[in-house]
Amino acid sequence: MDGSIVTGGWVDVARLEDIPRLGSRVVATAKGAVALFRTADDSVFAVDDHCPHKGGPLSQGIVHGQAVTCPLHNWVIDLASGEAQAPDVGCVKRTPVKLEQGRVLLALRA
Amino acid sequence: MNMISPQRLRLVVVGNGMAGMRTVAELLARTPQRYEITVFGAEPHPNYDRIALSSVLAGEKTLDETVINSREWYAENGIKLLAGDAVVSIDRGNRTVTAASGLVVPYDRLLLATGSKPLVPPLPGLTLPGVCTFRDIADVEQMIAASETHKRAVVIGGGLLGLEAAWGLKRRGMSVAVVHLMPTLMERQLDVAAGTLLQRDLDARGIAFFTNGQTEQITGTERATGVKLADGREVPADLVVVAIGIRPNVDLAKACGLEVNRGVVVGDDLATADPDIYAVGECIEHRGQVFGLVLPIWEQAKVCAARLAGDEDATYVTPALSTKLKITGIDVFSAGALAAAGEEDEELIYQDKRRGTYRKLVLRDNRLVGAVLYGEVKDGPWYFDQMREGADVSAIRDRMILGEAAASLSGSVDPSAKVAALADSAEICGCNGVCKGTITKAITELKLTTLDGVRAHTKASASCGSCTPLVEGLLALTAGVDAKARGPKPMCKCTTHGHDHVRAEIVGQGLKTIPEVMNRLGWMRPDGCHSCRPALNFYLLCAWPGEYVDDQQSRFVNERMHANIQKDGTYSVIPRMWGGQTNPKELRAIADVADKFGIPEMKVTGGQRIDLLGVKREDLPAVWADLNAAGMVSGHAYGKALRTVKTCVGSTWCRFGTQDSTSMGVALEKMTWGSWHPHKVKLAVSGCPRNCAEATIKDFGVVAVDSGWELSVGGNGGIHLRGTDLLCKVSTPEEVLEYCGAFLQLYREEAHYLERTAPWVERRGIAYVQERVVADAENRRALHQRFLYAQQFAQLDPWAEGGHEANAFKTLVPAE
Ligand code: SRM
Ligand SMILES: Cc1cc2nc3c(=O)[nH]c(=O)nc-3n(C[C@H](O)[C@H](O)[C@H](O)COP(=O)(O)OP(=O)(O)OC[C@H]3O[C@@H](n4cnc5c(N)ncnc54)[C@H](O)[C@@H]3O)c2cc1C
Ligand code: SF4
Ligand code: FES
């Protein structure tokens, strides 16, 4: 997400440790629930907690590589692009996120 | 991302199919930076292997496995993919294309790769529901869906495509008839003798044939009901597949004034009449020829890419072609002439009726110009080589009909000696254009040992599969593995190992964590996937009870939340009711919880307990706390674990009851609750053979009789109904417990993850289970002891405090 042109819109939502490795936490935002994911190498991604298939809560899925498997019907969503892995087709909205001194910041007011 | 140099030429590709994307891949390999590439595809999918659709229809491959270039690939290579947006016009004057969405994209070079369209005769009834062609994913999905709800199919067309469609539908359980215009099948690739043999073999597999059949009409009003032939014959059907041929898709080219004959006319440079517009694949016509197989298309892709990269000398020449039918167990090979064309040609024919094999070779001036093989095709590639080389065969003419082994001096050729002799540049897989060097390199560098591994990494043998013996030969040669002794199916795409091997290594090598297993056994993806991680977590838990620390992130959501996720993201909670018994206190506590948390629905489950449906994630810990306070624990309705023990009232009340089945069920549930398994496990105890607790469709069922208890195993009430197999009869409740514990432990230790007891018992045979659990008393006691030992660590109520990580249930709110 680096390089996004977000200025002044960063909101502190969690500590990195609040999210388990290969796990997720949900943030309630004005625009709806956003799922934060932490991969094995501590990258953090944020996407809407709403599967493009039938709205399953992605935050509750199994995280592997840079992807999460939706708990309802096993669509695999690429966290970096938000796209569903072929042959499924769909895309989930991403929210820019950055890590600063162990805090997770979301571009919520961008 | 932000370094697009302004000098890059704009290449627009129309058609995201096999020809177009192969050309792009070849182009990237030559010059990754020269073009800024935009690809339009009429289909909403990334690029996939059309050839493999036959295997998908036959249930031998999944759609996932057909993807050639994933969306990530496009992104990584900076290609803009517009999948699901067809180009509707080309403006050659302004050099732009316009898509259905209205998008207009300018180009410096345009590549047409629009493939072909199925040929459809103007038949009445063609537009009825239940009529389709066989060309793309949508067609295959339609056929699969029809096969699930309907019984009879008719395929119009007895060529390659039609027969593959017929076979796939047959495999999916439909009754299938093929209507074919000509007297014999595949008449363009097979002579009459081979075509007749083919029909006989497919007939034996239950496909009906209507040859010399001219379809006049598809009948039906709401939906297709059959086809009517010109000679009056009628064939009933709920699905009609039209597969009579293909026609180059030239609409766009024609509309923008390019020269079009049967296909878009291209020169040896693969450029159309407009030097900025190239065309490849089934949409083109080159020197009067059109195409329907990938081999010449790969050659076109190479030449076209070279031209686009600036190589002025690259010239396309159509290679010799051979055909193979992809119906498992039916081997057909054909190349070149099917029969002698005149006086100067000779035919050599050899037929073995008993073995059902047939061969015909056509010779002209001592050179082989045609070969048709039926039933045994391993010499096909060798004949094909002789044809391509134009070799003089007079010296081997007397024995060459018997094949390469007979013709060669040494007498026998084994495939590894043969592949050993090939140069690194020799092409092994024609479908995917993979040469020997690429395969041996992958085998050595990636330490591949299985055919599937080679397929995954190189694509060789991944499409039509005809080069499989050569790839196996290379595996034998390079890695010394006998791939013929086809290894077991890998657990998932992250590994080449099967379940049994992984389980054995965990115990044998003393592997104690998921990362350790993955490292030692060469996992191909660092943290696996949603299918191998839960399996490994269970295998480790089972191997090292009390020692292994459960990995929550490798558990499916239900097992992590100790509740069942519902379609709207809420959860259902089912407290345990021992043996289906309950009392006012429990019922009151459940009612109070439902009121307090506004739980919208309650239901009695099929497992004899009560389900609270629609609980919010955040409420789960509090709901459990209240149920715990009333003495209830989790019912594990969500786990690959012991679920329920159903009972009937038994001798305590029932006038037929022979034993106290309720108490027996409660004792079984007290012993087994909390245990993790490869899949869910359900028990039941009935008080007499009337069997009101349905014990004979459970994983472990107990039926009381006057003299004791009948134990039976491997039942399943789910998707495939299966009655249990009788294990043995015992006389005391203690024995029931011991046999049950032993049986479950054997299942835990030996089954594959997600394999229920029913398929496991079928796979191993009930005799094996009886031998381990009944005949061998010492082994039974040891198994039972291991079960009880593991239970010490497993019987922790996940709902009780400390049994879960409370934070996981909470939603974060942004700090202000
Ligand atoms: C709640 C319940 C239906 C009910 O309202 O009665 C139920 C609900 C579900 N069943 Fe069931 N099954 C329920 C009894 C059964 C029974 C009857 C029984 O146990 O006697 C069967 C047939 C017996 C058997 O398993 O052999 C049954 C065979 C299945 C199957 C097919 C299993 C198979 O091997 O073919 C599935 C699918 C699966 O597990 O993959 C399934 C899957 C499911 C799932 C987990 C579907 C899912 O993945 O979401 C449902 C969860 C709903 C939920 O969140 O609560 N359920 N399910 C029953 C819970 C029993 C309990 O108290 O724990
Ligand atoms: C079921 C089946 C089995 C087969 N088995 C074999 C086999 O065993 N061996 C073999 O050699 N060959 C086989 N073939 C043939 C092989 O698949 C084709 O020769 C090959 O796919 C042709 O490639 P192509 O790129 O020219 O066409 P395609 O792969 O069809 O690609 C053309 C693409 O262009 C798209 N398109 C068309 N018009 C537009 C537009 N206006 N805008 C955007 N996109 C457009 C189409 O949607 C399509 O995706 C088989 C074909 C089928 C259908
Ligand atoms: S039968 Fe079972 S899986 Fe199917 S809808 Fe009912 S509860 Fe769900
Ligand atoms: S809702 Fe996510 S896969 Fe169906």
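Protein chains get the first letters and strands the later ones, always in sequence-line order, with residue 1 at the start of each.
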Check: Where on B:Thr66 is there a heavy atom nearer than 4.5 Å to chain A: the side chain, the backbone, both, or neither?
Finding: neither
Next item on the list: May I ask you to say whether A:Glu17 pairs ionically with A:Arg15, meaning some side-chain N is under 4.0 Å from a carboxylate O?
Entry: yes
Next item on the list: For the pair B:Arg50 and B:Asp136, find out whether any cationic side-chain nitrogen is under 4.0 Å from an anionic carboxylate oxygen.
Entry: no
Check: Relative to chain B, which segment of A:Val76 carries a heavy atom at a distance below 4.5 Å: side chain, backbone, both, or neither?
Finding: side chain
Next item on the list: Between chain B and each of A:Ala33, A:Gly65, A:Ser59, count heavy-atom pairs under 4.5 Å; write down the option with the most.
Entry: A:Gly65
Item checked: Heavy-atom contact with chain A under 4.5 Å, split by part of B:Pro46 -> side chain
Margin query: Between A:Val63 and chain B, with a heavy-atom cut-off of 4.5 Å, which part of the residue counts as in contact: side chain, backbone, both or neither?
Written below: backbone
Next item on the list: Give a yes or no on whether a salt bridge exists between B:Arg555 and B:Asp550, defined as a side-chain N under 4.0 angstrom from a carboxylate O.
Entry: yes
Checklist line | Side chain / backbone / both / neither for A:Leu72 at chain B, heavy atoms under 4.5 Å | finding: side chain
Check: Just by distance, with hydrogens left out, do B:Thr62 and B:Asp64 show a side-chain donor and acceptor under 3.5 Å apart?
Finding: no
Margin query: Does A:Lys93 have more than 12 heavy atoms from other residues, nucleotides or ligands lying within 6.0 Å of its NZ?
Written below: yes
Notebook entry, point to check: Checking A:Ile19 against chain B: side chain, backbone, both or neither under 4.5 Å from a heavy atom?
Noted result: neither
Item checked: Interface moiety of A:Pro71 toward chain B, non-hydrogen atoms closer than 4.5 Å -> both
Notebook entry, point to check: Does any heavy atom of chain B fall under 4.5 Å from the side chain of A:Glu83, the backbone, both, or neither of them?
Noted result: side chain
Next item on the list: Could you have a look at B:His45, B:Arg617, B:Arg525 and say which one has the most heavy-atom pairs with chain A under 4.5 angstrom?
Entry: B:Arg617
Notebook entry, point to check: Between A:Asp12 and A:Arg103, is there a side-chain N and carboxylate O pair less than 4.0 Å apart?
Noted result: yes
Notebook entry, point to check: Do A:Arg38 and A:Asp42 meet the salt-bridge criterion of a basic N to acidic O distance under 4.0 Å?
Noted result: yes
Next item on the list: Say whether B:Asp619 and B:Tyr571, considering side chains only, have a donor N or O and an acceptor N or O under 3.5 Å apart.
Entry: no
Note to self: Under 4.5 Å from any heavy atom of chain A, what part of B:Arg533 do you find: side chain, backbone, both or neither?
What the structure shows: side chain
